[in-house]
Amino acid sequence: MLIEILYCFVYVISIIFCLYKYMDKRPRIEYFILITIIYTIIDFIVTGDYIIHMDEFILRNIMVIVSDYVMICVLNRKFNSVLLFYTCLYNILFSVAVNLIMNVLVYFEVISILESFIPSYSRFVLVILFNLTGILAFKLMDKYEIIPKKEIMLNTAKMFNIANITCWFILLIFFGYSINDIGGVYSIIILLSLIILWIMLIYSLKNTVELSLRKENEIISNAVFHNIEEYIKNYKYKEEEIKKIRHDFKNHMSVIGNITQEEKVQAYIKEMNESFNNITDEYVLSSGNIYVDAIIQTKTKEYPNILFDVKLEIEGLSMNPKDLSTLIFNLLDNAFQASLEVNGHVEFKMIYNASRLIIETINDVNEMPNFVSKKGSGHGYGMKIIQDIVRKYNGNIEYSYDNNKLKCIVYLLI
């Protein structure tokens with residue numbers, strides 16, 4: 001009994017080792033040890049003795065994967081559909097490792113040699129081999145980016161889980177029917193074919209989602225930058241118009257001074273007023289960076305009912321205009337959208353000093369958000385684009401929530 005519990009303990013440690021990086025919250029060491037010990041006993045009870053009947057085999061495996069998922073979520077302290085994908089993934093790899101290794105060992109008659117040399121330890125050696133193979137396969141798929149990253153899974157977990165669980169059931173049925181044909185060459189060929197098809201499916205789905213996200217991000221980024229460019233053209237046009245009027249103002253005053261008849265003076269002033277009225281009375285921001293000014297001006301006009309405080313210290317800032325525009329546009333859009341729901345307040349701060357840029361937004365919210373945009377294509381833009389730009393500039397992004405206020409701070413190295 002104790003040796004069987006040890007086997008379960010090795011499996012539990014293996015699956016946690018592979019899935020640890022995907023958890024939202026890393027468990028404390030004492031909590032980790034407690035859950036690991038408790039689940040080792042549960043896994044021992046669930047897996048039970050050897051299975052003969054097909055229905056019992058499938059039911060037992062369903063219980064295993066469900067209990068594995070619950071255990072991982074307990075460690076995570078939150079149920080997460082993303083973790084179901086990775087749990088099922090490791091379970092598939094472990095099951096394939098067990099079946100493939102056993103088929104190969106039986107086919108080449110190595111299993112009998114192993115049992116004759118070290119009969120009391122042969123199963124322990126095999127258990128270690130199964131788990132090491134499962135871990136190695138999982139890590140290789142992760143290293144070569146066959147497994148979708150957690151960021152990609154956030155809004156597509158349902159699709160990946162359906163595909164993964166479907167493949168898992170197919171493999172499970174095959175494992176059940178091939179129990180009595182272990183070591184057969186056809187079993188090995190079919191198993192290899194199934195696992196290759198499964199890997200190709202997961203990889204194809206991942207690439208399809210990534211391509212779709214890249215296209216959407218590119219479309220959104222280009223649209224944002226195009227709007228900024230259009231605004232800057234208008235901004236420069238109005239600036240030139242104001243300069244022209246300032247230049248002509250002295251001439252107008254000189255003309256008025258030389259007109260002796262009051263009626264002509266009044267007519268001339270009326271003509272001047274009509275010219276001045278063609279210029280809209282807008283607040284003009286001058287931070288030293290026309291892209292920043294244009295975006296803030298755009299957002300001020302887009303959300304006139306939101307109280308908006310701005311502080312800019314960005315003299316000398318030199319950053320790729322497209323990256324800068326997209327980053328600020330997204331940060332402000334997310335802040336304004338959240339604040340709009342509570343008719344709240346938005347604070348925006350940018351400080352540039354010695355190649356370091358700090359961007360801070362503070363906005364009112366109803367509750368702690370999950371930082372994932374669900375607004376749909378073409379609006380809101382989500383956090384993915386922001387995170388990509390932050391990584392590009394070797395930066396960092398931090399969030400904090402207190403008293404219905406969300407603070408987001410972005411650090412960049414320019």
Would you say CG of N353 has more than 12 non-hydrogen atoms from neighbouring residues, nucleotides or ligands within 6.0 angstrom? no

Taking the side chain as everything from C-beta on, heavy atoms only, tell me whether S318 gets closer than 4.5 Å to I414. no

Within the structure provided, determine whether F336 and K299 are in side-chain contact (heavy-atom separation under 4.5 Å). yes

Working to the nearest 0.5 angstrom, can you tell me the gap between L136 CG and M141 CE? 12.0 Å

Rounded distance (nearest 0.5 Å) linking atom OG1 of T361 with atom CE of M350: 11.5 Å

Distance-minimising heavy-atom pair for L340 and I306: CA-CD1, 3.9 Å

Can you give each donor-acceptor pair under 3.5 Å made by side-chain atoms of residues 16-23, sequence neighbours left out, with the distance rounded to 0.1 Å?
{"from": "K21", "atom 1": "NZ", "to": "D142", "atom 2": "OD2", "distance (Å)": "2.9"}
{"from": "Y22", "atom 1": "OH", "to": "D142", "atom 2": "OD1", "distance (Å)": "3.4"}

Can a salt bridge be assigned to the pair E347 and K349 using a cut-off of 4.0 Å between side-chain N and carboxylate O? no

Please name the pair of heavy atoms, one in F329 and one in I295, separated by the smallest distance, quoted to 0.1 Å. CD1-CG2, 4.0 Å

Please report the closest heavy-atom contact between N343 and N305, naming both atoms and the distance. OD1-O, 3.8 Å

Heavy atoms, side chains only, cut-off 4.5 Å: are C408 and I397 in contact? yes

Hey, are the side chains of V346 and I362 touching, using non-hydrogen atoms and a 4.5 Å cut-off? no

Let me confirm one number: the CG-CG distance from L412 to L317, rounded to the nearest 0.5 Å. 9.5 Å

Donor-acceptor pair, distance only, cut-off 3.5 Å: does the side chain of D43 make one with the backbone of Y39? no

Going by atom types alone, do S287 and D293 pair a side-chain donor with an acceptor below 3.5 Å? yes

Pairs of donor and acceptor atoms involving the side chains of residues 8-15, under 3.5 Å and at least two apart or interchain, shall be tabulated with distances.
{"from": "Y11", "atom 1": "OH", "to": "D68", "atom 2": "OD2", "distance (Å)": "2.4"}
{"from": "Y11", "atom 1": "OH", "to": "N91", "atom 2": "ND2", "distance (Å)": "3.4"}
{"from": "S14", "atom 1": "OG", "to": "V10", "atom 2": "O", "distance (Å)": "2.7"}
{"from": "S14", "atom 1": "OG", "to": "N131", "atom 2": "OD1", "distance (Å)": "3.2"}

Is M159 atom CE crowded by more than 12 heavy atoms from other residues, nucleotides or ligands, each under 6.0 Å away? yes

Which residue pairs pass the side chain to side chain donor-acceptor pair (under 3.5 Å) test when at least one of the two sits in residues 186-206, sequence neighbours left out? N164-W198, D181-S187, K206-E210

For the residue pair H345 and F308, what are the closest heavy atoms and their distance? CD2-N, 4.4 Å

Could you check whether any side-chain N or O of N99 sits under 3.5 Å from a backbone N or O of S95, counting only pairs where one atom can act as donor and the other as acceptor? yes

Just checking, any donor-acceptor pair under 3.5 angstrom between side chains of D24 and N80? yes

Between D402 and K405, is there a side-chain N and carboxylate O pair less than 4.0 Å apart? no

When rounded to the nearest 0.5 Å, the distance separating CD1 of I409 from OG of S400 is 6.0 Å

Would you check if M153 and Y86 make a side-chain contact, meaning some heavy-atom pair closer than 4.5 Å? yes

More than 12 heavy atoms of other residues, nucleotides or ligands under 6.0 Å from CD of E315: yes or no? no

Determine whether more than 12 heavy atoms belonging to other residues, nucleotides or ligands lie under 6.0 Å from atom NZ of K139. yes

Taking every heavy atom of N161 against every heavy atom of S81, the minimum-distance pair comes out as ND2-O, 3.0 Å

Taking C-beta and beyond as the side chain, do V410 and I358 meet within less than 4.5 Å on heavy atoms? no

Output for pair (F94 CZ, F138 CZ), nearest 0.5 Å, gives 14.5 Å

Between T326 (side chain) and D323 (backbone), is there a donor-acceptor pair under 3.5 Å? no

Are Q337 and Y303 close enough, and set up right, to give a side chain to side chain contact (heavy atoms under 4.5 Å, CB included), and what steps lead you there? CA-CA 9 Å; Q337 283 288 333; Y303 300 94; 2.9 Å; yes

Under 3.5 Å, is there a donor-acceptor pair between the side chain of R60 and the main chain of T47? yes

Heavy-atom side-chain proximity of L126 to V98 below 4.5 angstrom: no

Aromatic contact between F44 and Y7, with the criterion being ring centroids under 6.0 Å apart: yes or no? no

Using the rule given for side chain to side chain contact (heavy atoms under 4.5 Å, CB included), can you reason through Y31 versus R77, listing the C-alpha separation, both sets of side-chain angles and the distance that settles it, and then say yes or no? CA-CA 11 Å; Y31 183 73; R77 299 196 177 187; 3.4 Å; yes

May I have the step-by-step check of side chain to side chain contact (heavy atoms under 4.5 Å, CB included) for V127 and L6, ending in yes or no? CA-CA 10 Å; V127 168; L6 177 61; over 6 Å; no

Side chain proximity check, N61 to W168, heavy atoms < 4.5 angstrom: yes

Answer yes or no: is there a donor N or O on one side and an acceptor on the other, between the side chain of T133 and the main chain of L129, under 3.5 Å? yes

Between I5 and T40 the two heavy atoms that sit nearest each other are O-CG2, 3.4 Å

Counting distance only, does the side-chain N/O of S212 pair as donor-acceptor with the main-chain N or O of T208 below 3.5 Å? no

State the CG-NZ distance between L413 and K392, to the nearest 0.5 angstrom. 14.0 Å

Please lay out, stage by stage, how R391 and Q387 fare under the test side chain to side chain contact (heavy atoms under 4.5 Å, CB included). CA-CA 6 Å; R391 280 193 292 267; Q387 291 167 349; 4.0 Å; yes

